[in-house]
Structure formats: structure tokens, C-alpha cells
Amino acid sequence: QVQLVESGGGLFQAGGSLSLACAAAGRPFSTYAIGWLRPAPEKEREFVAADSWGGGTTDYGDSVKGRFTISRDNAKNTVYLQMNRLEPENTAVYYCAAGIGRSRDYAKYIYWGQGTQVTVSS
């Protein structure tokens, strides 16, 4: 079992930045790939970013590429999502999730956090 807790959400201005954190407890954190996903129209979860279990490779959704950065600190059992140049369209509940391998498919993730709300005003 892995327990995930997101933090860092809130109300932000368009053009600004924020950093979300996903803190993990339970089984060795470093052995899991971590993804950030959010709800989207006609989708259960839209892929935002993911980091492989070893932290060696990352992947980003097309709409956030170049603006968002995922990183991890295995010593702190925490994964971060740095979000720059925020847009109102980034408003969503952001979930972090752990899985065996890095994936864009939400169904591949095993453990989920409760989510943190990000609201971006124009």
C-alpha cells in the first residue's frame, strides 16, 4: 500500500506559478512511477505529467509541455509539479497517482491521492 497526499493547491492568478507536492507513505516510494492527472470533459482523468520510478524519464501532456515540470525527491518521499505561466484552463483538481510504470493512461495507476484544487483566475 502507498498513501499519497497532495498539497499546494489554492487560488492563483493567470501568468503566475505554483508548486504542488505529493507526499507518499507506505511501500518504498522510489519503486513507483508517479503521475499527475486531472479531470477533463469527456475524460475520467487527463494526463498532465509523469515521472518514472527511478526518476530517469518524464512525460508531459501536450497542453502543459514547456510550462510544467515534474520532479521527485526520493529522500523526502515527495514528487513535485511546478506549474508556470498558469492559464485559467489549468483550473482543476490535481491528483497524484502511483503505478508500476510511467503511463498516460489513468487506469494504469494503482494508488491515488485525494486531490488538491487549483483555481486560476484571469
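Source: prediction; values computed, not measured.
Arg104 places no side-chain N or O within 3.5 Å of a backbone atom of Phe47 that could act as its donor or acceptor partner. Using a distance-only test at 3.5 Å, with no hydrogens or angles considered, a donor-acceptor pair links the side chain of Thr91 to the main chain of Val120. For Glu6 (side chain) and Thr116 (main-chain N/O), no donor-acceptor pair under 3.5 Å exists by modelled atom type. Although no hydrogens or angles enter the test, the distance criterion places a donor-acceptor pair under 3.5 Å between the side chain of Ser52 and the main chain of Thr57.
For Arg38 against Ser63, the heavy-atom pair with the smallest separation is NH2-OG, 3.3 Å. Nearest heavy atoms, Tyr80 versus Asp73: CE1-CB, 4.1 Å. The shortest non-hydrogen separation linking Tyr60 to Thr69 is OH-CA, 3.4 Å. Shown here for Arg45 and Pro39, the closest heavy-atom pair between the two residues is NH1-CG, 4.2 Å. Here the closest heavy-atom approach between residue Val118 and residue Gly9 is recorded as CG2-CA, 4.1 Å. Taking both residues in full, the closest heavy atoms of Ala50 and Ser103 are given as CB-O, 4.3 Å, listed atom of the first, atom of the second, then distance.
Criterion: ILVMFWY side-chain heavy atoms under 4.5 Å apart, direct or through other members. Under it, Ile34 and Leu18 are part of a common hydrophobic cluster. Under a hydrophobic-cluster definition in which Ile, Leu, Val, Met, Phe, Trp and Tyr are linked whenever side-chain heavy atoms come within less than 4.5 Å, directly or via other members, Val2 and Ile110 are assigned to the same cluster. Placement of Ile70 and Val64 within a single hydrophobic cluster is found when ILVMFWY residues are connected by side-chain heavy-atom separations under 4.5 Å, directly or transitively. Note: the hydrophobic cluster containing Ile100 also contains Leu4 (ILVMFWY, side chain heavy atoms under 4.5 Å, direct or indirect links). Val93 and Tyr109 fall within a single hydrophobic cluster, where Ile, Leu, Val, Met, Phe, Trp and Tyr are joined by side-chain heavy atoms under 4.5 Å apart, directly or via other members.
With a 4.5 Å cut-off on side-chain heavy atoms, Arg72 and Asn74 count as touching. Using a 4.5 Å heavy-atom cutoff, the side chains of Leu86 and Gln13 are not in contact. Contact check for Asn90 versus Phe68: side-chain heavy atoms found under the 4.5 Å cut-off. By the 4.5 Å heavy-atom criterion applied to side chains, Met83 and Ser19 are not counted as neighbours.
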Working for side chain to side chain contact (heavy atoms under 4.5 Å, CB included), residues Tyr106 and Tyr95: CA-CA 10 Å; Tyr106 77 93; Tyr95 296 89; over 6 Å; no
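For the atom pair CG of Leu81 and OG of Ser71, the computed distance is 8.5 Å after rounding to the nearest 0.5 Å. Between the SG atom of Cys96 and the OH atom of Tyr111 there is a distance of 13.5 Å, given to the nearest 0.5 Å.
Side-chain contact check for Ser17 and Asn84: at least one donor-acceptor pair (N or O, by modelled atom type) lies under 3.5 Å.
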